[in-house]
Peer 1: 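Let me begin by handing over the structure; questions about it come next.
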There are 2 protein chains.
Amino acid sequence: MEKKKRVTIYDIAKHLGVSGTTVSRALSDHHSIGDKTKKAVLQAAKEMGYIPNTIAAGLRKKQTNTIGVLIPWINRPFISSMISGIEEVANDAGYNVIISQSCDSYKKEVANAETFFSNRVDGVIASMAMETEDFSHFNLFIDNDIALVFADRVGKNLPQDKVMIDNFAAAFEATEYLIHSGCRKIVHFTGAPNREIYKLRRAGYQDALEKNGIPYDEKLVFSGLLSGEEGVRNAKAILELKELPDGIFSANDTVAVHAMIELKKAGLKIPDDISFIGFNDDPIASIVEPQLTTVSHPALEIGRSSARQIIKRINAKHSSPPENIVLPTQIIVRESTRKLVKSVPPK
Amino acid sequence: MEKKKRVTIYDIAKHLGVSGTTVSRALSDHHSIGDKTKKAVLQAAKEMGYIPNTIAAGLRKKQTNTIGVLIPWINRPFISSMISGIEEVANDAGYNVIISQSCDSYKKEVANAETFFSNRVDGVIASMAMETEDFSHFNLFIDNDIALVFADRVGKNLPQDKVMIDNFAAAFEATEYLIHSGCRKIVHFTGAPNREIYKLRRAGYQDALEKNGIPYDEKLVFSGLLSGEEGVRNAKAILELKELPDGIFSANDTVAVHAMIELKKAGLKIPDDISFIGFNDDPIASIVEPQLTTVSHPALEIGRSSARQIIKRINAKHSSPPENIVLPTQIIVRESTRKLVKSVPPK
DNA sequence: TTTATTTACACAATCGATTGCGTAAAAGTT
DNA sequence: AACTTTTACGCAATCGATTGTGTAAATAAA
């Protein structure tokens, strides 16, 4: 498509017989421009249909008012809500949001990081791919003073701001909830162990077991991509076990729900035969029957908080030590767990 | 955050003792640059950590390789899948995707359109807000030769490319499916009538009724935002009816599923007392019990197709008449409908 | 009235890459 | 040997907005 001439500040300048400088300053309400001139410029700009060229301004000002968001997948309830939160805060603050999915691939993540840099985003909010083990591609931002905030799927030992939940505590509580409702043999569904969040949830699970005198058993941990199909596979594997578990703590809802459905098909009663606790509080959690007890994940708030943090960093005059923002989670008790037989100890 | 100096082509040029022109051309593999020079430039670029400044190039070339995506909400299964499809195709073609949600608000949609223009996106894929009735904000793109493709929620009578499904036919088939499975009193849940897609679905519903000798009854059409809460409200309203309907065709799954659950609570059997057909095939549709029969909406494919179309337009030398891309839908028969008592007539 | 200050604006460089045009040297042609 | 063509590269303008510096004129202060 051939490019048409767009209205620039010089068109306005010529129209009014002033300089481009004056127009630029009038538009940004600079003090050294007279009131009549300002009014005239604003008026002319409106009449002529002037819309500023952010690209040109960005080149000069070395800022684009753009935030890059690097996430594994966009079409997942948790992540799209997070993005929604980012969008909301960023837009209100005058920032644009550009989004790239890594599809959980390390290579794509690296490529996307370069693209963001190439587009000179002012800041990056990243949630890492399952595959990612090496973090050196983020040096692109760090070395070039581009603000960087990790959200949810954060890196370990990286000196950046992080916005996340307390995965260990959440998993500990969820597992203990199962124990307190009478479960003794608890299976855990987990994701790739190079993602800290899954490692921590698993650790919380393990710790809760041990604190309650239940031996931790490797064979009860099912690791993978946490997809729906995996839920079905996991369920089938569970049915093969010589002794069935009486509780399942899953690192996400998708795999939990699909496993639940499969186990129901096999005639098991939930929560009586097996109790379930999921993670995320996806829409499906409250639709499945029985409704899934799950750990709420404040997706929107993580998004909002990350956006606020990155904007703070972008505008900061000096660097300051990385912050760790931890958002609260809570167990949403529904129908896939039994009543507590023992009251939950005070925190 | 203060800006650091980044490596530019001039740094490379100085380093090698050539001109910026040569570096620029070497990097873009221009024929007039010697092989040794090219290699030297590439080498130096790599060593010095050069990453092109797309902003600067965009200013000069008057293209940003960016596609703006204007959607009502990002955190909805259908839309996030659509975006995923757009992303996939766009990224492969070297385009970035910048996303703005209108939150179904006309005002935000207009503001977002201006932002896109201000950022000089090469093309825009838009799915309109529920509120939008006036389309003049899109003239910004049309008048300035910025490619524009409408996806899913398209405008009526707008001379732009559209990627969508045949809403009328899909609704007709869905309604007729209910009729052929024995339903005689069919309720319809619909969205804002200024969105063509809902108008068409409603028209398809009406037409199917009339073609099958069932009188169309205004009072059986529930219009709104198609949210979950609305499903509950609708269900309650239905229970107040003097004569219960025996089928419900819903313009989305969310409202259908929540209504279904509410009706189940009231003791109604689905599909025996009331059959349900939804729209979209959201994840919840296959989780609810009984699983929801629904019309599949090829979200990913709509996204991919829109992206392909916008890229085609961006690269087109001359304008050509608008295209209407209609993607197939299909009824996913699950458990919320009864068996057909009459075979579906051949199309 | 003179000096200092403020007001209101313009000049020109700058951001980083691209590109039309120009040119010297090398290679090829008669 | 004289001429044409090709190869390889540089100059300088350009994209559109921003901004440090300079400078008249108007106003205020001395």
Side-chain angles (χ1 to χ4, degrees), chain A residues 2-42 44-45 48-66 94 117-122 144, chain B residues 2-42 44-45 48-66 94 117-122 144:
Chain A
E2 66 282 9
K3 308 290 173 297
K4 237 182 214 168
K5 232 51 227 93
R6 316 266 164 88
V7 181
T8 72
I9 53 168
Y10 299 107
D11 297 325
I12 301 178
K14 202 173 293 167
H15 182 72
L16 295 177
V18 297
S19 75
T21 306
T22 301
V23 174
S24 170
R25 291 198 169 124
L27 289 172
S28 54
D29 203 30
H30 193 278
H31 69 274
S32 86
I33 301 297
D35 279 345
K36 307 134 277 162
T37 314
K38 265 183 202 165
K39 245 170 230 149
V41 169
L42 263 345
M48 301 172 71
Y50 170 76
I51 292 186
N53 185 330
T54 313
I55 301 297
L59 176 59
R60 173 67 224 240
K61 294 201 291 188
K62 284 169 170 296
Q63 66 169 52
T64 53
N65 286 311
T66 299
F117 184 80
S118 201
N119 279 278
R120 298 300 190 265
V121 294
D122 292 339
N144 285 288
Chain B
E2 66 282 11
K3 307 291 173 296
K4 239 182 212 168
K5 254 233 113 4
R6 316 267 163 90
V7 181
T8 73
I9 54 168
Y10 300 106
D11 297 325
I12 302 178
K14 203 172 294 169
H15 181 72
L16 294 177
V18 297
S19 74
T21 306
T22 301
V23 174
S24 170
R25 290 196 171 126
L27 290 172
S28 54
D29 204 31
H30 192 275
H31 69 275
S32 86
I33 303 296
D35 279 345
K36 306 132 278 162
T37 314
K38 263 182 204 167
K39 244 169 233 153
V41 169
L42 263 345
M48 302 173 70
Y50 170 74
I51 293 186
N53 185 329
T54 314
I55 301 297
L59 176 59
R60 174 65 225 242
K61 292 201 293 189
K62 286 172 170 292
Q63 66 170 54
T64 53
N65 286 310
T66 299
F117 184 80
S118 199
N119 278 279
R120 299 300 192 265
V121 295
D122 292 340
N144 285 287

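Throughout, protein chains are lettered first and strands after them, A, B, ... in sequence-line order, and every chain is numbered starting at 1.
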Peer 1: For B/His31 and D/dT6, give me the distance from atom NE2 to atom C1', rounded to whole Å.
Peer 2: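 Atom-to-atom, B/His31 to D/dT6, this comes out as 10 Å.
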Peer 1: May I ask you to test the A/Asn65-A/Asp122 pair for a side-chain heavy-atom distance under 4.5 Å?
Peer 2: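 The answer is yes, as the side chains (C-beta and beyond) meet within the 4.5 Å cut-off.
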Peer 1: Can you say whether a donor on the side chain of B/Thr21 sits under 3.5 Å from an acceptor on the base of C/dT19, or the other way round?
Peer 2: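 When only heavy-atom distances are counted, B/Thr21 does reach the base of C/dT19 through a donor-acceptor pair under 3.5 Å.
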Peer 1: Quick check for you: among D/dT18, C/dC21, C/dG16, whose closest atom lies nearest to any side-chain atom of B/Ala56?
Peer 2: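 Within the option list, the nearest is C/dG16.
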Peer 1: Write down the distance between CD1 (A/Ile33) and P (C/dA8), rounded to a whole number of angstrom.
Peer 2: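 A/Ile33 atom CD1 is separated from C/dA8 atom P by 9 Å.
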Peer 1: Rounded to whole Å, how long is the line connecting atom CD1 of A/Ile55 with atom P of D/dT14?
Peer 2: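 So the two atoms are 21 Å apart, to the nearest Å.
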Peer 1: Write down the distance between CZ (B/Phe117) and C1' (D/dG16), rounded to a whole number of angstrom.
Peer 2: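 In whole Å, D/dG16 C1' lies 13 Å from B/Phe117 CZ.
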Peer 1: Tell me the interatomic distance from A/Leu59, atom CG, to D/dT18, atom P, rounded to whole angstroms.
Peer 2: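 These atoms are roughly 11 Å apart.
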Peer 1: Reckon B/Thr37 has a side-chain N or O less than 4.0 Å from the OP1 or OP2 of D/dA8?
Peer 2: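 For D/dA8, neither OP1 nor OP2 has a side-chain N or O of B/Thr37 closer than 4.0 Å.
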Peer 1: Please state whether the phosphate of C/dA10, meaning OP1 or OP2, lies under 4.0 angstrom from any side-chain nitrogen or oxygen of A/Ser19.
Peer 2: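 The answer is yes; a side-chain N or O of A/Ser19 sits under 4.0 Å from OP1 or OP2.
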Peer 1: Let's test your reading of the model: under 3.5 Å, does the base of D/dA17 pair with the side chain of A/Thr8 as donor and acceptor?
Peer 2: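 Answer no: no donor N or O sits under 3.5 Å from an acceptor.
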Peer 1: Measuring to OP1 and OP2 of D/dT14, would you say a side-chain N or O of B/Lys62 lies under 4.0 angstrom away?
Peer 2: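 Answer is no, no contact under 4.0 Å.
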Peer 1: Tell me yes or no: between the side chains of B/Thr21 and B/Ser24, is some donor less than 3.5 Å from an acceptor?
Peer 2: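 No donor-acceptor contact under 3.5 Å links the two side chains.
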Peer 1: With a 4.0 Å cutoff (strictly under), does any side-chain N or O of A/Tyr50 reach OP1 or OP2 of D/dA17?
Peer 2: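 Yes, because at least one side-chain N or O of A/Tyr50 sits under 4.0 Å from OP1 or OP2 of D/dA17.
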Peer 1: Is it the case that C/dG20 (base atoms only) and B/Arg60 (side chain only) share a donor and an acceptor within less than 3.5 Å, ignoring hydrogens and angles?
Peer 2: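 Absent.
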Peer 1: How many whole angstroms separate atom CG of B/Leu27 from atom C1' of C/dA17?
Peer 2: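 After rounding, the reported distance stands at 10 Å.
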Peer 1: Taking all non-hydrogen atoms of both residues, which atom of A/Thr22 and which atom of A/Thr37 are closest, and how far apart?
Peer 2: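 So the minimum-distance heavy-atom pair works out to CG2-CG2, 3.7 Å.
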Peer 1: Looking at every heavy atom in both B/Arg6 and B/Asp11, which two are closest together, and how far apart are they?
Peer 2: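 Taking B/Arg6 first and B/Asp11 second, the nearest heavy atoms are O-OD2, 3.5 Å.
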Peer 1: NA contact type, A/Val23, heavy-atom cut-off 4.0 Å: base, sugar-phosphate, or nothing?
Peer 2: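 The answer is nothing, as A/Val23 stays clear of every strand by at least 4.0 Å.
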Peer 1: Using heavy-atom distances to pick each residue's nearest nucleotide on DNA chain C, tell me which of B/Ile9 and A/Lys38 is more 5'.
Peer 2: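 Counting from the 5' end, the first nearest nucleotide belongs to A/Lys38.
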Peer 1: Run through B/Asn53, B/Thr54, B/Ile55 and flag the one making a side chain to side chain contact (heavy atoms under 4.5 Å, CB included) with A/Ser118.
Peer 2: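 Of the listed residues B/Asn53, B/Thr54, B/Ile55, the side chain to side chain contact (heavy atoms under 4.5 Å, CB included) partner of A/Ser118 is B/Thr54.
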Peer 1: At under 4.0 Å, does any side-chain N or O of B/Ser32 touch on OP1 or OP2 of D/dC9?
Peer 2: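 So the side chain of B/Ser32 is outside the cut-off, no N or O lying under 4.0 Å from OP1 or OP2 of D/dC9.
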Peer 1: Would you mind reading off the distance between A/Asn53 atom CG and C/dC15 atom P, rounded to a whole angstrom?
Peer 2: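 After rounding, the reported distance stands at 18 Å.
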Peer 1: From NZ of B/Lys14 over to P of C/dA17, roughly how many Å is that when rounded to an integer?
Peer 2: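 Roughly 13 Å, once rounded to whole Å.
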